[in-house]
Amino acid sequence: MGRAQRLALLRSLEKKRKSKVIAYLAGDRPGMETKVASDVHPLFYDHLNAIGRQDRIDLFLYTTGGLTNSAYALVNMIKEYCDHFGIIIPFKALSSGTLMALGTDEIVMTRMGQLSPIDPTITTPHGPQVMLPGKPAPDWIPISVEDVNSYINLAKREFGIKDQEGMIKVFDRLSQTINPLALGAVNRVREQIEFLGLTLLNGHSSDQEKNRKIVETLIRGRYSHDYIINRREARDVIGLNVIDIGPSLEDKIIDLFRQYQEVMALNIPYHPEQALNGKEEVRAVFNRAIIESTVRTNVFRTERTIKRMYAQQPGVPMSTMGYAEESHPDRWVVDENL
């Protein structure tokens with residue numbers, strides 16, 4: 001199936017929802033992952049201008065996360081073009097995807113739909129480093145904001161360290177492992193994510209006490225960034241505005257997601273041999289993210305020249321097979337034939 005079939009599903013979904021729908025999928029194919037980032041803002045602007053102001057706009061979203069500021073700005077941009085903003089979650093809307101959901105008037109989740117905590121992880125040049133095999137320079141280790149906070153709580157609650165002198169020693173030990181400037185960045189980001197979450201919720205809900213509890217739960221109340229929140233917990237426990245949907249609407253959402261899953265090969269880990277498909281050399285194309293509405297299709301695309309290589313090792317009677325890959329510049333393209 002191709003774009004014509006997807007557009008038919010999009011129009012059917014729009015009719016069912018009485019809205020205009022923009023699909024945004026940031027792929028998580030192993031080896032080809034993408035994240036929510038600011039490069040999508042001009043593309044969304046083009047879609048929204050072509051669609052025009054509407055009473056209702058829905059964002060059909062699939063992502064494992066990305067930059068929180070980009071997610072926040074994207075929500076605010078979409079809300080400039082509609083009176084009612086909804087989000088449709090066929091499967092994953094994790095981390096900054098969940099943050100985006102906080103800014104919507106209603107959340108549509110399938111029974112497969114997933115949200116997650118919004119506690120951020122930061123990478124900073126002041127953070128710890130690690131040397132990886134085959135790399136000439138060290139990689140920066142991401143720092144979980146809540147891991148730092150949990151270390152402090154561990155000292156207080158489990159070891160009973162509460163006096164000023166003891167806490168100074170705890171902090172001194174932490175600052176020997178993590179640069180104090182990185183710890184300052186952790187504190188700033190922690191406060192920022194709370195501000196962003198509350199601002200998005202307050203934009204459509206006047207119950208500020210409830211909003212604070214929701215943000216508190218999503219930042220600190222689930223203890224692990226990998227925790228998965230299903231639609232029942234999102235609605236009945238956390239208090240998000242997740243609406244009930246019937247089988248007909250859920251089928252349409254899943255059918256459309258399956259189309260994108262196929263186009264992006266989401267469930268197929270990348271391997272050169274799979275791309276070669278029996279050939280010795282190919283120029284392979286990989287669709288890693290998609291923004292699509294009934295007016296246009298944008299695709300974030302990677303191209304690689306892949307060659308099968310053979311090398312003779314001393315003392316080994318048979319040659320060893322390997323792969324050589326040349327990456328070409330990644331780019332967003334308009335593709336009406338996808």
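Treat the numbers as computed from the prediction; the structure is a model and nothing was measured. Atoms considered below: every heavy atom in the structure, side chains included; atoms not considered: hydrogens, waters and symmetry mates.
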### Query
Is any side-chain heavy atom of V36 closer than 4.5 Å to a side-chain heavy atom of L67?
no
### Lys/Arg-Asp/Glu bridge criterion (N-O < 4.0 Å) met for R304, E326
no
### Pair D335, T297: side-chain N/O donor-acceptor within cut-off below 3.5 Å
no
### Query
Which class fits the ring pair F91 and F257: parallel under 30°, tilted 30 to 60°, perpendicular over 60°?
perpendicular
### No-hydrogen, no-angle side-chain donor-acceptor test under 3.5 Å, Q261 and Y62
no
#### Entry: Plane angle bin for F60 and Y260 - parallel if under 30°, tilted between 30 and 60°, otherwise perpendicular
tilted
### Query
Taking C-beta and beyond as the side chain, do R56 and R17 meet within less than 4.5 Å on heavy atoms?
yes
### Query
In terms of side-chain heavy atoms, does T302 have a donor or acceptor partner in R288 at a distance below 3.5 Å?
yes
### Message
If you define the side chain from C-beta out and look only at heavy atoms, does anything of L48 sit under 4.5 Å from I57?
### Response
yes
### Query
Under 4.0 Å between a Lys/Arg side-chain N and an Asp/Glu carboxylate O for D244 and R235?
yes
### Query
Side chains of E80 and Y45: is there a donor and an acceptor less than 3.5 Å apart?
no
### Query
Any side-chain donor-acceptor pair under 3.5 Å between N287 and R301?
yes
#### Entry: Short N-O contact, E209 and R212, less than 4.0 angstrom
yes
### Query
Using 30° and 60° as the class limits, which term best fits the ring planes of F286 and Y270: parallel, tilted or perpendicular?
perpendicular
